[in-house]
Amino acid sequence: MSEEIVILDFGSQYTQVIARRIRECSVYSTILRYDTPAPEIAARRPKGVILSGGPASVYAKDAPLPDPEIFELGVPMLGICFGIQIFAQYLGGKVEPGQEREYGKGTLTVKDAGCPLFRGLPASLQVWNSHGDRLTKLPNGFKPVAVTDNSAYASIEHKGKQFYGLQFHPEVVHTPRGREILGNFVHGVCGCSKDWTMRHYRDQALEEIRSRVGSERVILGLSGGVDSSVAAALLHEAIGDQLTCIFVNNGLLRAREAEVVQEVFGRHFKIKLFYENASKLFLKRLNGVTDPERKRKIIGRTFIEVFEQATKRAGKARFLAQGTLYPDVIESVPIAGNPAALIKSHHNVGGLPKRMKFGLVEPLKCLFKDEVRKLGSELGLPREILFRQPFPGPGLAVRILGEVTPKRLEILRNADAIVVEEMKASDWYYKIWQSFAVLLPVRSVGVMGDERTYDYTIALRVVDSQDGMTADWVKLPFALLEKLSSRIINEVKGVNRVCLDISSKPPATIEWE
Ligand code: XMP
């Protein structure tokens, strides 16, 4: 097992960022709820504990508070922002509402160069603040080690217990040397080695999969996306032909999608692959349907049906594997300020009916997306798969407004292929979250040569985002937009107009349906 840092989550929007930064230091980190009982934390034998920030005030009636026994665990602790207030609350300090909220850039001056958190760093550092309450009396045994203009206690230390507090956020990019501060905590203070690497994880995961699965068979729904692809490659390395992948062609895929998946997984990796071409069935059921939610429901239901039948034909399997990631399993702390729930019905294999009795194998369950990509690269998956942009389960159906017909699908597929090609050629494809074409089934008048045309419109949707929850439209260079527009209009029959979607999310969504 890898050495572990436990992060107690007090509801900060940055908790996952802390976890990722620690892992970037090659140290494994786990997020637990703020009120996890101390014996449960002790049982994990962590090398250190981090108290995250959070939107609450320690004095609020329903403030999230930890088990007081955590201060007796005998391991180093780091309190970030709200975490410092927790120290104050339990260890004899005092917190008061600040005159005004300290928010944004600040300059930290390190007063005690001997403090291990700041080893190797200059005495003056740019930091990011975001707090209302502030420490006015140090907790017992602590001394100040760094200050900002507004705070004499921007960083504090209890040398004997190895407790440290930071009023600012070292995990965000606006604290440029923050990674080094966190690195100093996990390596210098907690004594963690750098044992969390994807090579190490891969060996450990292979062993775990083999011992869980034994000689049983495993089914995996392969979508061609990053997560299911990496899960497939990992499982195949662990159990070879005991794994069967099912790939459903719903007729709503992008150009060459089905071929690439068969090429990479069937021919290259030699994975046992069931290719279910159910295009006709999907398109028949979508015939005449225009309502977006109904389309999604029909596609979701049909997928489950086709998948279930395929699993029966694939033979008796005891396990179902899924590419669930860590952010899906972290229990979110129900504190005001957390992001709202998704507003569209997403269809994922997770929604299989109860009658399908499988044990679950989720070998990516403790990984973040960037770690999944690193693992995939260890396993030899091509860049084309590992760094592809997200693609919705209901596919092109949610990018054709109104009815989905074979003719419209063909038009959109052709336009989409040009978008992908040009975005890759100009090096923009991998820099941003998503770039794709949307078909608007309204006709407008145009002129081509001497002829009048009456054709569809393509909208270009190009957005950047961290996690898909919020997004902003990307300001592509005019030369690239010009190229996209002229190629689509000239090469795609049925299109005579191209528009650019310049809406952010919210209030718009990324997909159009
Ligand atoms: P929206 O349109 O809700 O999309 O702003 C946010 C992100 O989710 C993707 N998306 C889906 N992914 N199944 C998926 O697996 C779906 O049904 C689905 N709908 C949207 C979308 O591409 C974007 O990245």
Side-chain angles (χ1 to χ4, degrees), residues 220-232 246-254 257 261 282 285-286 289 291-304 306-307 322-329 339-352 362 364 368-370 372-373 385-401 404 412-413 415-416 419-420 423 428-440 459-474 501-513:
L220 171 84
L222 188 62
S223 71
V226 181
D227 310 340
S228 67
S229 296
V230 174
I246 296 173
F247 176 76
V248 175
N249 183 345
N250 58 9
L252 307 163
L253 304 172
R254 284 162 294 188
E257 184 87 339
V261 168
F282 278 88
R285 293 197 180 160
L286 287 170
V289 181
D291 176 68
E293 270 307 292
R294 261 199 76 210
K295 280 197 216 170
R296 281 173 175 271
K297 292 250 155 63
I298 290 171
I299 295 164
R301 232 185 307 121
T302 309
F303 177 85
I304 288 169
V306 172
F307 189 80
Q322 291 183 346
T324 318
L325 302 195
Y326 195 42
D328 305 326
V329 298
L342 292 178
I343 47 170
K344 289 176 188 173
S345 62
H346 282 202
H347 101 261
N348 290 313
V349 191
L352 287 180
E362 299 175 300
L364 313 179
F368 287 108
K369 194 91 178 183
D370 46 337
V372 171
R373 292 198 170 104
I385 292 214
L386 291 180
F387 289 90
R388 53 185 20 193
Q389 296 175 353
F391 185 65
L396 299 179
V398 295
R399 297 179 180 173
I400 294 174
L401 304 203
V404 178
L412 183 57
R413 229 173 242 135
D416 183 72
V419 176
V420 173
M423 291 298 288
W428 276 92
Y429 181 91
Y430 295 111
K431 282 192 209 147
I432 55 155
W433 180 260
Q434 266 173 312
S435 48
F436 55 87
V438 178
L439 181 75
L440 311 186
L460 296 175
R461 184 70 166 141
V462 188
V463 294
D464 208 5
S465 171
Q466 289 297 315
D467 52 11
M469 303 295 286
T470 63
D472 204 0
W473 62 281
V474 176
D501 180 350
I502 54 170
S503 338
S504 60
K505 171 182 181 176
T509 50
I510 295 175
E511 305 290 345
W512 275 45
E513 282 197 339

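Just so you know, ligand 1 is whichever comes first in the structure, and atom 1 is the first atom listed for that ligand. Small disclaimer: the values here were computed from a predicted structure and weren't measured.
At a 4.0 Å cut-off, at least one heavy atom of W433 sits close enough to ligand 1 to count as contact.
Within ligand 1, the atoms closer than 4.0 Å to a non-hydrogen atom of G468 are 6 (C), numbered from 1 in the order shown.
Residue G393 holds the heavy atom nearest to atom 14 (C) of ligand 1 of all those in S223, P390, A397, G393. When R399, R296, E511 are checked for heavy-atom proximity to atom 19 (N) of ligand 1, R296 turns out nearest.
Atoms NZ and CG, from K369 and L386 in turn, are 10.5 Å apart once rounded to the nearest 0.5 Å.
Applying the side chain to side chain contact (heavy atoms under 4.5 Å, CB included) rule to V398 yields the partners R296, P392, P394, E511, E513; only residues at least two apart in sequence or on another chain are considered.
Contact annotation for K505 and ligand 1: only side-chain heavy atoms (C-beta onward) come within less than 4.0 Å of the ligand.
Polar contact with ligand 1: present for I510 (N/O pair, distance under 3.5 Å).
The closest side-chain heavy-atom distance from F307 to I246 is below 4.5 Å.
Electrostatic pairing of K431 and D464 does not count as a salt bridge here, judged by no charged N lying under 4.0 Å from a carboxylate O.
Checked options V404, V306, I298; the residue passing with F282 is V306 (criterion: side-chain contact (heavy atoms from CB on, under 4.5 Å)).
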